[in-house]
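Working notes, structure below.
Since the structure is predicted, the reported quantities are computational estimates derived from the model, not experimental observations. A, B, ... follow the sequence lines: proteins, then strands. Residue 1 opens every chain.
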Amino acid sequence: MIQTLIIGLGLAGYYALVAVGFALIFATLRIFHVAHGTVFITAGYVFWYMHRIHGISLAISATAAIAAAAALGLAIDRFLYLPIMRRGGGMFSVFIASLGIVLVFDAIYLVLTSGVIAVARTTSMELWTVGGAAIRKFDLGIMGLVALTYFLLYLWLHRTRTGLEVRGLTDNEQLAAAVGMNVDQTRNAIFLVASAMAGLAGVLTAYDGGITSDSGNRTLFIAVVAVILGGVRNILLGSITGSLALGIITAYAGFFYPEWVTFCIFAIMIILILFRPKGLFG
Amino acid sequence: MLDIRGLRSGYRNYEVLQDIDLTVAEGEIVCLLGHNGAGKSTLLKAIFGLLPVTGGEVNVAGRDMTHARAFDKVAMGLRFVPQEGNVFPNLPVEDNLRLGAVKGAGGPAAVARNIREVYGMFPILQERRDQPARVLSGGERQMLAVSIALMTEPKVLLLDEPSAGLAPIIVAQLFERVRLLRDQMGKTVLLVEQNVTEALKISNRTCILEEGRVVYTGPSTEKDAIVRKLWRLD
């Protein structure tokens, strides 16, 4: 049982990395950035391609993949969302455009990989046996990495000027412009940071269980459910609690009834939205 | 200090302001009166660059700032205090002040000095420095809103109905502060108001807007003429 719990916490780590970026973008800019999943999976493929196919070192491949994710996230905002908003497009138009990006990239990755799962790992996972339970060191590593990322994100939000601007933008967008904030620059920072975190999750997922062309959407929607569950009032706390809950549910459901995992997550989402229709917005 | 010529602006498909001419000299408070929908708030937003300007020009300290973006205007010494939503409700008072200084306030030392100065002027804000702005009373919130704008040591302040929703005694206190901003710190103020009596007490000149046009400009001591014009008694 403890084994399953650890796996659940590891999963929660991936979700949390994707969820917190999604929440950050949604809370500050009111963009329902479904292409965040595309950013996640792009990092996974870049990492897989460099590390597994070309044998480039883990560190270089991972760094390049995270950088690619950050660049892609930024580009989606600069060349798609921002022009749409400048031309008077609302939240819904931006969402549709985002969905378009998802479908285009899905198609590209499906063609390029022929739908075969891409596992970036080249060695087997080391196990630790603690009191009869086999625990993967990798899961513990993920937890440490996520904790560190969240800690750095906290410092960024609460100890830097850009972080202060991000919090200001979340709280009162109109006043943010009136106090002289360069909102476009702050936006860039938000997309870079959020996308890099999704990139890290993509790298870890590709390394661990592998990815297919639809892994991005799946992870993104789980992250969205996590954000609905945790709320966006407190970005860090909300996304981590939501992700923890879903990670553990997924792991236990996966252990007992693996075929019902997807059902569980999305049934939770539907029920949540039914009873807390303002969940994401409130 | 603030020189507006032939300004035209408004919302999408609807031009509110028509050929506005208005000058505010350095160290002067000019009060902008008019009925609801006369275009007072629209004028402040257009001057500050939050609404598109379709004609005319806005000069600040002799520089053409008509199409400059809001953050460039802040850097040039122009600040706007909106009537509503003028604080960051969920952030502590001190973070509100720091956010007031994100553009054109100089380094951390200058920011710290300005925060001290604001606390000197409004001691209640220092007492509440760690509390979120949403718990402040109406008067305290307006003090914070003005203080956020003071963080960059601006030359020109655009105040949109700072007295809205405040008790008369609080209005008097707040306006006394605005007067001190001019008398002690030499600030130039363009003040939109509904509270005619208090606004006339502290302002040098008054300007009345009606349907997006300036229909009267004169010294604020001409109270009778202003009231007659405002209530269309002439």
Side-chain angles (χ1 to χ4, degrees), chain A residues 23-24 26-30 78 82-90 93 153-190 230-239 278 280-282, chain B residues 11-13 41 44-45 47-52 68-92 94-105 107-108 111 132-134 141 144-152 154 157-160:
Chain A
L24 191 62
F26 185 80
T28 47
L29 306 167
R30 299 277 139 182
R78 287 279 283 274
L82 207 54
I84 291 173
M85 289 162 105
R86 290 251 161 86
R87 287 170 195 148
S93 311
L153 190 61
Y154 178 85
L155 288 185
W156 182 63
L157 285 173
H158 291 270
R159 295 280 181 274
T160 68
R161 208 180 87 170
T162 311
L164 178 67
E165 294 188 16
V166 171
R167 286 186 294 132
L169 197 59
T170 313
D171 209 26
N172 188 340
E173 189 187 346
Q174 253 129 40
L175 188 59
V179 297
M181 196 185 289
N182 188 336
V183 177
D184 288 353
Q185 266 175 24
T186 313
R187 243 182 121 107
N188 292 346
I190 291 167
V232 289
R233 289 288 285 195
N234 186 328
I235 296 166
L236 293 177
L237 205 64
S239 49
K278 288 182 181 167
L280 198 53
F281 302 87
Chain B
Y11 302 89
R12 196 172 296 185
N13 306 326
S41 296
L44 292 196
K45 285 179 193 159
I47 293 171
F48 191 65
L50 296 176
L51 287 176
R69 296 180 58 181
F71 53 83
D72 287 325
K73 287 183 173 159
V74 168
M76 273 297 294
L78 185 69
R79 293 289 306 231
F80 169 57
V81 180
Q83 183 188 344
E84 285 174 339
N86 50 21
V87 299
F88 297 95
N90 296 306
L91 299 186
E94 194 149 308
D95 277 349
N96 268 269
L97 295 175
R98 287 184 198 287
L99 273 166
V102 289
K103 181 79 185 179
V111 174
R134 65 171 184 275
R141 191 170 53 82
L144 178 58
V146 173
S147 300
I148 290 173
L150 292 177
M151 287 301 294
T152 45
L157 283 167
L158 309 173
L159 304 181
D160 195 357

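Looking at B/Arg79, the atoms closer than 4.5 Å to chain A (heavy atoms on both sides) all sit in the side chain, from C-beta outward. In this structure, the portions of B/Phe88 lying under 4.5 Å from any heavy atom of chain A include both its backbone and its side chain. Proximity to chain B (any heavy atom under 4.5 Å) is shown, for A/Gln174, by neither the backbone nor the side chain.
No more than 12 heavy atoms of other residues, nucleotides or ligands shown are found within 6.0 angstrom of CZ on A/Arg78.
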After noting the C-alpha distance and the side-chain angles of B/Leu99 and A/Leu164, does the key distance pass the side chain to side chain contact (heavy atoms under 4.5 Å, CB included) rule?
-> CA-CA 7 Å; B/Leu99 273 166; A/Leu164 178 67; 3.7 Å; yes
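Taking the side chain as every heavy atom from C-beta outward, A/Arg161 and B/Val111 never approach each other to under 4.5 Å.
Taking CZ from A/Arg167 and CG from B/Leu91, the interatomic distance works out to 5.5 Å, rounded to the nearest 0.5 Å.
Between A/Val179 and B/Ile148, the shortest heavy-atom contact is CG1-CG2, 3.7 Å. Scanning both residues, A/Ala177 and B/Ala70, for their nearest heavy atoms gives O-CB, 3.8 Å.
Comparing B/Asp72, B/Leu50, B/Asn96, B/Asp95 by heavy-atom pairs within less than 4.5 Å of chain A, the highest count is held by B/Asp95.
Side-chain atoms of A/Asn172 never come within 3.5 Å of backbone atoms of B/Pro89 as a donor-acceptor pair (strictly under, hydrogens ignored). Of the possible donor and acceptor atoms, none in the side chain of B/Asn90 sits under 3.5 Å from a partner among the backbone N and O of A/Asp171.
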